[in-house]
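Written out below as structure tokens is the structure these notes cover.
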Amino acid sequence: MTDTTENRLPATSTTEVTVMPVSAQIQAATDDDTEASTPRIDGGTISRFLVLLLALVNQALTMFGHPVLNIDDTTITQLVSLAWTAGSAIWCYWKDNDVTTKARVKKARLSARHAA
């Protein structure tokens, strides 16, 4: 077999890359810098955690015969139906009406263009 250039792997680059080791990066960061660059936990994360915690506590207490949230199937069906109706009503109102300032300006420009 003959060795052609098409079958060879590309040569590695001899360019030196300087990378700071992780330990040096940790030492370079100060406490003030870390606090300033770390984003805060948002409200959605906290609320999801609390709902999960409530569900776990309720499940554990139900296992031992002390239900905290004694909810029957009819109540769950009604709550799901209410959430679905409220969500769809809000979504339809938002989509069919010009609620935002940008949408109202756009509608005014379109009606002015059609009137001319």
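Every value quoted in this text rests on a predicted model; they were computed, and no experiment measured them.
Judged as a salt bridge (charged side-chain N to carboxylate O under 4.0 Å, His left out), and not counting sequence neighbours, the contacts of Lys107 are Asp98. With sequence neighbours left out, Thr101 forms a side chain to side chain contact (heavy atoms under 4.5 Å, CB included) with Arg104, Val105. Scanning for side chain to side chain contact (heavy atoms under 4.5 Å, CB included) contacts around Thr100 gives Trp94, Lys102, Ala103, with sequence neighbours left out. Under the side chain to side chain contact (heavy atoms under 4.5 Å, CB included) criterion, Ile46 pairs with Ile41, Leu50, sequence neighbours left out.
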Check: residues 58-65 side-chain donor-acceptor pairs under 3.5 Å, at least two apart:
unit_1, atom_1, unit_2, atom_2, d
Asn58, OD1, Val68, N, 3.4
Asn58, OD1, Leu69, N, 3.1
Thr62, OG1, Asn58, O, 2.7

Show me, pair by pair, the donor-acceptor contacts under 3.5 angstrom made by side chains of residues 77-85, not counting sequence neighbours?
unit_1, atom_1, unit_2, atom_2, d
Thr77, OG1, Asp73, O, 2.9
Thr85, OG1, Ser81, O, 2.8

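Identified under the salt bridge (charged side-chain N to carboxylate O under 4.0 Å, His left out) test for residues 37-55, with sequence neighbours left out: none.
Summarising the hydrophobic clusters (Ile, Leu, Val, Met, Phe, Trp, Tyr; side-chain heavy atoms under 4.5 Å, direct or chained), the residues clustered with Leu52 are Leu56.
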